[in-house]
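Encoded as structure tokens, the structure appears first; notes follow it.
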Amino acid sequence: MEFKVLLTDYEFEHLEYEEKVFEESGISIDFIKAQCKSEDEVIKRAKDVDAILNQYAPLSRRVIDSLTKCKVISRYGVGVNTVDLDAAKEKGIIVANVPDYGMEEVSNHALALLLSCARKVTLLNNEVKKGNWDFKAGVPIHRFNNQTLGVLGFGRIPRRLIEKARPLGFKIAAYDPFVSEKDMEKEGVQKMDLEEIIQVADFLSIHVPLIKDTYHLINEERLAKMKSNAVIINTARGPIVDEPALADALSKGKIAGAALDVVEEEPIKNTSRLLEMDNVIITPHSAWYSEEAMIELRTKAASNITQVLKGEVTPYALT
């Protein structure tokens, strides 16, 4: 029996890691590569496939309802906001991700953004290149032990960030409604509710998943409650932050800065006001990346599929 596996879309130069997993699986797989951008394109290519490997193409309820044989959807990455989980569950389709591949990379990237903002490295570098050799271009800068790092979410990645930031002297607080105060205290972290941490944090690092309840979690109302010296760091998903509201808050001096690896619409439009702001650092959704992480991601995403098709259990199943 030959199984059909559809890769809906990808941005890799080659697919040798996925192909190796499929070749060594012990089952026959017809690996179909596509570059779908819309629901209609996915529906056209996916109707009779046994499995779907997904990067960014939309797998909405409409798409999932059109599937006739699909047993598993595996997504490159941690977030599964491209997939309608409820629709998949109703259809009996297993959805799996790769939650642990980039833990070190994303926490390192968040830390790099934190340090760059806290010491104003990017700002001062840009000033020097403009001909301004003056430390006062970065005034004020404060000691880390006088500042609070607030973390939204308390999963794998934020916990690693906290482990790395703590020795630097930051006071650390976290918001996560699904983690108890006792569990946070074990990690030396003060548990706060959302409204409290927003008002207390000097640096607010975002690590919650993008779901209905977290869409525009950081909005105009909450931005208005933050410290005027506060900096937002986002390595999670762009739509968690209301981007026009963020641009307004930055332009009016309501908060001091932002460091973003993700934006609401990617790639960022060249008309975005954020690109014109010296107090904003933007990287191109690269926090996940290292050569090692990329290989791990692609290998595990493909393995999710072969395990299910062989009747085995993948440890990364979400539905």
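What you see is a predicted model; the values in this text were computed from it and never measured.
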Fill in: Selection residues 272-281 - residue pairs positive for side chain to side chain donor-acceptor pair (under 3.5 Å), sequence neighbours left out
Asp248-Arg273
Item to complete: For Glu90, enumerate each residue passing the salt bridge (Lys or Arg N to Asp or Glu O under 4.0 Å) test, keeping only those at least two apart in sequence or located in another chain.
Response: Arg61
Worksheet entry | ILVMFWY network linking Leu111 to Val189, side-chain heavy atoms under 4.5 angstrom | yes
Item to complete: Tell me yes or no: between the side chains of Asn145 and Lys171, is some donor less than 3.5 Å from an acceptor?
Response: no
Worksheet entry | More than 12 heavy atoms of other groups within 6.0 Å of Lys44 NZ | no
Worksheet item: Taking only residues two or more places apart in sequence, or in another chain, which ones meet Arg222 in a salt bridge (Lys or Arg N to Asp or Glu O under 4.0 Å)?
Response: Glu195
Worksheet item: Would Ser205 and His207 count as having a side-chain donor-acceptor pair, cut-off 3.5 Å?
Response: yes
Worksheet item: Of the non-hydrogen atoms in Tyr175 and Met184, which two are nearest, and what is the gap between them?
Response: C-CE, 4.3 Å
Item to complete: Establish whether Ile240 and Ile255 are linked, either directly or via other cluster members, by ILVMFWY side-chain heavy-atom contacts under 4.5 Å.
Response: yes
Worksheet entry | Euclidean distance, Ile282 CD1 relative to Leu275 CG, rounded to 0.5 Å | 5.0 Å
Worksheet item: Angle class for the Tyr101/Trp288 ring planes (parallel below 30°, perpendicular above 60°, tilted otherwise)?
Response: tilted
Worksheet item: Is the gap between the ring centers of Tyr17 and Phe22 under 6.0 Å?
Response: no
Discussion item. Is it the case that the side chains of His142 and Gln147 hold a donor-acceptor pair, with the cut-off being a distance below 3.5 Å and no angle test?
Written reply: no
Worksheet item: Going by atom types alone, do Thr8 and Asn54 pair a side-chain donor with an acceptor below 3.5 Å?
Response: yes
